[in-house]
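Structure, as structure tokens:
Lettering of chains follows the sequences in order, A, B, ..., and the numbering in each one begins at 1. Note that this is a predicted model, so its numbers are computed, not measured.
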Amino acid sequence: MERVPILKLGDILIVSIQIDLDDQSVLALQEDLADMVVSSGARGVIIDITAVEIVDSFIGRMFSTIAAMTRMLDAETVVVGMRPAVAITLVELGLSLGGVRTALNLEKGVAMLEHVRGAAG
Amino acid sequence: MSAPRELPIATNGDVVVVRQQVRSLAAEIGLSLVDQTKIVTAASELARNALVHAGGGRVLIEVLEGGRRPGLRLVFSDDGPGIPDVDQALTEGWSTAGGLGLGLSGSRRLVDEFDLVSAPGEGTRVTVTKWAR
Amino acid sequence: MTVPAEAARRRIVDLFLSSEERLLQRWTQLSGASPGELRDLYQALRTALSSEDGDFADVRGLLAELSRARVRQGHTPSDTARLVFSLKEALYEVAEADGGPEALRGFVWFSRLVDDLGLYTFESYTAAREKIIIDQTEQLLELSTPVVKLWEGIVAVPLVGTLDSARTQVVMEKLLQTLVDTGSEHAVIDITGVPAVDTQVAQHLLKTVVAARLMGAECVISGIRPQIAHTIVTLGIEFGDIVTKASLADALSYALSRSGVEITGAARTRVAVRAERA
């Protein structure tokens, strides 16, 4: 099983998925992220999926779970860089990623987190 | 192009291998990027189904040639408990494994042809086909 | 093969090989093809018939080439097949002149061979024509899918003409890719130039809007004609919370305001635009 590295930048955690994730790694990432949000006191999480070629229902559910989980820990999650083919497939699959914020790229994801925080505080 | 090949589905890692094999063949026969993504996603759902519901199974991957356009056919089979009510299993949101219930109904929408054969105690066989446009 | 059949076959091949000039002249007359084309074909046939294994690959290659050329020149498939079939008539005259029973029996065998080659020509012709149609369809799809930038961060696809499912899909994929490439968070799909939509096309439009949303961008659909609005409602398609605007101008002004650009001044005065971004 491969572990996905989690980077910390200020009070944002950045996860860039570069490998073809198996289900075990997906679950591990969920746990690692929750631990890391608490230990680092991060206010935002960015999941970069620019390199991800497919998102099936299991990975899609991971996004929703992480978003709900981090929200409970007072951090917002943004999924960035979804490829058009992946988005079209998700729509066809019937997955709406409810409760997950998305942005076109990393830069816009960071801006979104700042905006959300600005509105909140 | 290539002979049909069979891959085992026994671990989470095998599901990843199935995805990668399907993707490389889909690209080889000239499926569009969107269609490649759709068939790989369907393969991922169906392989996981076999693993979760039947404890494992296998997939036969076959390139279809000779018609007007090439196609890719995947046959997922397992010797698990089978599905008592096939119609219900294909209903959106119906799930036994605590999932989203999109595995079967969702995969059906991602492919051009979908066929499911199952009976209690006799395992399940799902055949999906995607044609190049 | 029985001995007489073998002899008959040998006889007709001999006749075929020995009457080159006469055959070619008659064949040209009957088919109306150019003597050059037929001579090449004759040579290939001669090589195939004289060879031990009877390999007709070269003949078929020539025929396929000829069929492709004829498609481009606008000949009908019957014309093209007749070119091959007329060889039978030319050879029959030679066989009749010979008069022997072996020659006539051999002719039946030869005629079956020519039939096969004729059918092959027909198939090559159809395949060549189909390829042209497919190429043209693809070229048309390429042509008809402009995605234009309206403003920094706002792109639009003005759709014109009848939308079919394939075309809608291509346009939509291109739109989504443009969002990524340009980093645009707003897209306008303008269907002013679309006379009608069916259920499938409406579904594709909807799916595109949802897909764009998944990627982190917003779509506005503008220019829905009254008939199309009627169709969509009658078909029972849920447009849900998708933003629709009457005109492209309205959609642009909506997208501008959403992206933080403020337009000041009345319509007929000078328009001053100020970006609000920090």
(message) Check this for me: A:L9, atom CG, are more than 12 non-hydrogen atoms of other residues, nucleotides or ligands nearer than 6.0 Å?
(response) no
Below 3.5 Å only, please: all the donor-acceptor pairs between chain C and chain A, one per line.
from, atom 1, to, atom 2, distance (Å)
C:G183, O, A:K108, NZ, 3.3
C:K207, NZ, A:E92, OE2, 2.7
C:R213, O, A:T102, OG1, 2.9
C:L214, O, A:T102, OG1, 3.2
C:M215, O, A:L104, N, 3.4
C:G216, N, A:T102, OG1, 3.1

(message) Minimum heavy-atom separation for A:A87 and C:A211, please, with both atom names.
(response) CB-O, 3.6 Å
(request) Could you please state which residues from residues 222-234 of chain C sit under 4.5 angstrom from chain A, measuring non-hydrogen atom to non-hydrogen atom, sorted by number, or 'none'? (result) none
(request) Could you tell me which residues satisfy salt bridge (charged side-chain N to carboxylate O under 4.0 Å, His left out) with C:R72, sequence neighbours excluded, listed by chain and number? (result) none
(message) Heavy-atom count check: over 12 atoms from other residues, nucleotides or ligands less than 6.0 Å from C:D58 CG?
(response) no
(message) Show the nearest heavy-atom pair for residues A:L104 and C:A217, with the distance to one decimal.
(response) CD2-CB, 4.4 Å
(request) Return the set of residues passing salt bridge (charged side-chain N to carboxylate O under 4.0 Å, His left out) with C:R82 (not counting sequence neighbours), or none when no residue passes. (result) C:D79
